[in-house]
Amino acid sequence: MDVQLTEGSSGFPSNVPSVMMARGGGVGGSGGGTPAESSQGKLEPVEGGELHDTDNLGMDVNASFRRSMGMVAMGGHSLQALAPQGGPAGGSSALPHGQGQMDKDFLCPICMEPMRDAFLTACGHSFCYSCITTHLHHKRNCPCCSQFLTLDQIFPNFTLNKLLKKATATQMVSTASPSQHLRLALQHGADVSMSVRELDALLALLAEKRRKAEQEEAEMNMDILLDFLQRSRQKKQAELDELRADLLFIREDIAAVEQRRRSLQQMREQSAAAIHALLFRGGSSSAGGAGGDESGFGSGGLAGLKAGAGGGGGAGGALAGSKRRGGPALPHHLQLPAQKMRVEGDGRGIGGGGGGIVKEEAQVGGVAEGEGAGEGGGLAACGPSDIAMSASTVAKKRRVFSHFDDLQECYLHHRRQAAHAAKPSGSLAQSIPPASAAAAGVGRRGDGSAAEGVREGADFGMGLEDFRRVLSAFTRFSRVKVVAELRQGDLFHSSNIVSSIEFDRDDEFFATAGVSRRIKVFNFSQVVGELADVHCPVVEMPTRSKLSCLSWNPYLKAHIASSDYEGIVTVWDVGTGQSLLEYEEHEKRAWSVDFARTEPTRLVSGSDDGKVKIWCTRQESSILNIDMKANICCVKFNPGSANFIAVGSADHHIHYYDIRSPGLPLHVFSGHRKAVSYVKFLSPSQLASASTDSTLRLWDVHSHAAIRTLRGHTNEKNFVGLSVNSDYIACGSETNEVYIYYKAMSKPMAVHRFTTSDPFTGDDSDEDTAHFISAVCWKGGGGEGGGAAAGGVAGGGQQQEATMLAANSQGTIKVLTLAP
């Protein structure tokens, strides 16, 4: 745009656009600085006879600032000169009419980006050079009109390249900020002629702008800092409140436990006194001094309850003798099996003896072991059972401290949960009785004696009692013991991987299957009871393909289902060794099959074809098909209902379905980073999953929440097995080890390594990287969701050893049990 200098202007050269200030003569065109345009301000004469609008000085400087920043010389032309003519006056950066269509014409038809190094074809179309050459390497035609074209028929389009450069400069002008305009103008040497006063005003304006920007930035920073500090205070205050509540829980629980401990000590002392009185009455008639026979007390007082103990006498003989002679028996409420009682007496027994204090362990209701003190009294020695108990206590404490963080988190979780479940009007301590009320938990008979059947922790609140059960179950076992080993490897097969191992309904038989193409059924009691190098199966059923999974029918003891590598699901009769049903709808390998626990005619299978199929043993085809669009690795019915299934797939998720409305899953559990290889139910509300990301995860299927992540084993590519019971989770590892987790802990509680046996020399070795654990199974109702598992204790029942089967890729099967 040409700018005309009017008479009386400041004398800018005609070839350089002037900076238009409000002057008396004014600047023609679109300056906006004429007296008419500045009539709202006050015009005052200034030096040189010019009029200056003092009120609008800042506005005039701004106008000159804006106009000056559009005059940038680039390659001998100003940026404004690159813009198409006809635009608004004053260096406006608005695009001319039709600019959008022209920009579209500048796009390469192949990459749809502005053309770079444009080349023209013989048919008249232009493309980026790299785009058209790449196209012609594959096809000999024009991408636009399909006319025959070769590399010899394309030429540089110089005119279009110049237009592209101008368009780029125009775009730069239209999108540049005012500061960028000025900087570009100064960097490219544009002749922006301004007086010293104008420069001072511009600098003052820029300084004011800078001060204002700095002030706004400082205010913004203060707002951010204040918000951060307030949020930090809120977070720390919440943590402090939570810590105070936790400390309150701990103080209350310590008081309750100490009170309970004192109550147990009082009961023990009362029981010991009663035993002392019974022994005194039973042995007084036949006491003959310090003879130490089975009928009287020795000189050591109550020091030597072992029958026939010499030296210190036979207080235990008195007890044994009274039993043999039909003497007075212990009252029923004092007969507490396996409860150790420490007796404190004055040491005065029948037949003499000194007055030392005797402390020894007595078996209440039976004959205790341990030797009495000699004449003159003193401290009785502890028996082997006492030493073993002390060692066990130390080992349990050591194990607790090694998992202290996990146990503390579990304790606080139970206590907070109990506090939240309490009534809103109640205090934080409402979930647990005060220490003064703990003594009330010790029941009394009408005769004043200790109540029968006092249960440990009976007077605790729900939170503390729940954690007590967790701690008891966690410290119950510490190691894995091998009960039996079954070797079924075949020298004539290169691989003996056991893919699946399952107990039947009654835990009487277990079946194995794998790449050997055989289902083998063993009698568990024979495997455990017979010492043999080779155990033969009671039933062996050959199959056409390698097997991936087994599932016993929970009602029909002789029926078992299998899935194989050809996608066939088969139901077998173990009694006859024949197949009853074969389903061949899967198109690829079937990885998993499972019978419903509440509906014995229903089973589910999953396959690499991405389909989950529900079957009924009364029908010859599937009754429901769910297309997952991803490889299915595992399927499992909820043990509480045959209408819900969990599906683990290669998409890293667990899909939980209600098969009555299979269109969409009820929930998709996300968290694993790789394929989900196993899903198992601990209970109708808790689900465990295993993945090749070397983690196990626990989920709540009702609240759809992730409970815990268990880590320790290694699993990156193989199916290593997963089995659960009410308390414990077992899985294999690619390090040829079995890992056992307690469900409330994130770290393994016990690990057992399989030794590798050389088939030719028979030597065992722990150093093995080629084999891995391939299948595990707890003994006890299938292990999933069925109440107390074998070896687990549900509801404070009798403690038993937890037994399981584990197999590795070498074909070795071991019967393992958890031991203290």
Side-chain angles (χ1 to χ4, degrees), residues 410 413-414 417 421 462 466 469-470 473 502-505 507 549 551-555 561 592-606 612 614 624 626 634-648 653-662 664-671 676 678-690 696-710 722-731 741-744 776-797 802:
C410 181
H413 169 74
H414 285 292
Q417 193 175 34
M462 286 302 298
D466 291 342
R469 293 195 186 100
V470 168
E502 295 290 332
F503 275 101
D504 72 344
R505 179 192 65 188
D507 296 328
C549 185
S551 178
W552 287 89
N553 190 302
Y555 287 89
S592 183
V593 64
D594 184 50
F595 267 111
R597 294 188 172 273
T598 56
E599 178 54 58
T601 63
R602 186 177 297 177
L603 64 158
V604 62
S605 62
V612 177
I614 308 295
L624 181 64
I626 302 175
C634 50
V635 290
K636 201 71 180 176
F637 274 108
N638 188 311
S641 172
N643 294 322
F644 300 96
I645 58 172
V647 182
H653 304 311
I654 301 105
H655 303 259
Y656 190 59
Y657 279 94
D658 184 344
I659 61 176
R660 294 169 295 186
S661 55
L664 292 173
L666 292 177
H667 187 71
V668 178
F669 296 95
S670 302
V676 179
Y678 294 95
V679 287
K680 302 284 184 178
F681 282 92
L682 286 84
S683 68
S685 62
Q686 283 191 353
L687 175 70
S689 62
L696 306 179
R697 291 179 182 267
L698 302 183
W699 314 89
D700 190 318
V701 297
H702 292 164
S703 65
H704 303 157
I707 300 176
R708 188 169 291 103
T709 300
L710 313 180
L722 175 70
S723 184
V724 301
N725 62 25
S726 59
D727 288 327
Y728 303 102
I729 303 172
C731 72
Y741 297 86
Y742 181 64
K743 65 180 182 180
V776 292
C777 181
W778 287 106
K779 181 177 181 289
E784 290 132 41
V793 177

Report task. Go through the steps for Val668 and Ser670 under the test side chain to side chain contact (heavy atoms under 4.5 Å, CB included), then give the verdict. Result -> CA-CA 6 Å; Val668 178; Ser670 302; 4.2 Å; yes

With sequence neighbours excluded, what pairs up with [X] under the side-chain hydrogen bond (donor to acceptor under 3.5 Å, both in side chains) test?
{"X": "Ser641", "answer": "none"}
{"X": "His414", "answer": "none"}
{"X": "Tyr742", "answer": "none"}
{"X": "Thr598", "answer": "none"}

Quick one: closest heavy-atom pair of [X] and [Y], and the distance?
{"X": "Val701", "Y": "Gln686", "value": "CG2-N, 4.5 Å"}
{"X": "Ala730", "Y": "Val776", "value": "O-CG2, 3.6 Å"}
{"X": "Val676", "Y": "Ser689", "value": "CG1-CB, 4.2 Å"}
{"X": "Arg597", "Y": "Pro639", "value": "CD-CB, 3.8 Å"}
{"X": "Pro554", "Y": "Phe595", "value": "CD-CB, 3.8 Å"}

Residue list, side chain to side chain contact (heavy atoms under 4.5 Å, CB included) with [X], at least two apart or on another chain:
{"X": "Arg602", "answer": "Ala596, Glu599, Ile614, Phe637, Ala642, Asn643, Ile659"}
{"X": "Tyr678", "answer": "Ala690, Phe719, Leu722"}
{"X": "Ser661", "answer": "Asp658"}
{"X": "Ala646", "answer": "Ile654, Tyr656, Val679, Phe681, Leu687"}

Would you compute the distance between atom [atom1] of [X] and atom [atom2] of [Y] and round it to the nearest 0.5 angstrom?
{"X": "Lys743", "Y": "Ile707", "atom1": "NZ", "atom2": "CD1", "result": "9.0 Å"}
{"X": "Lys680", "Y": "Leu696", "atom1": "NZ", "atom2": "CG", "result": "12.5 Å"}
{"X": "Lys779", "Y": "Ser723", "atom1": "NZ", "atom2": "OG", "result": "13.0 Å"}

Between Leu682 and the options Asp727, Leu698, Asn725, the side chain to side chain contact (heavy atoms under 4.5 Å, CB included) test singles out Leu698

Applying ring pair (Phe, Tyr, Trp, His ring centres under 6.0 Å) to Phe669 and not counting sequence neighbours gives His667, Trp699

By salt bridge (Lys or Arg N to Asp or Glu O under 4.0 Å), Asp700 pairs with (sequence neighbours left out) none

Notebook entry, point to check: Okay, side chain of Asp507, backbone of Gly780: is any donor-acceptor separation there less than 3.5 Å?
Noted result: yes

Can you confirm whether Pro684 sits close enough to Phe644 that some side-chain heavy atom of one is under 4.5 Å from a side-chain heavy atom of the other?
no

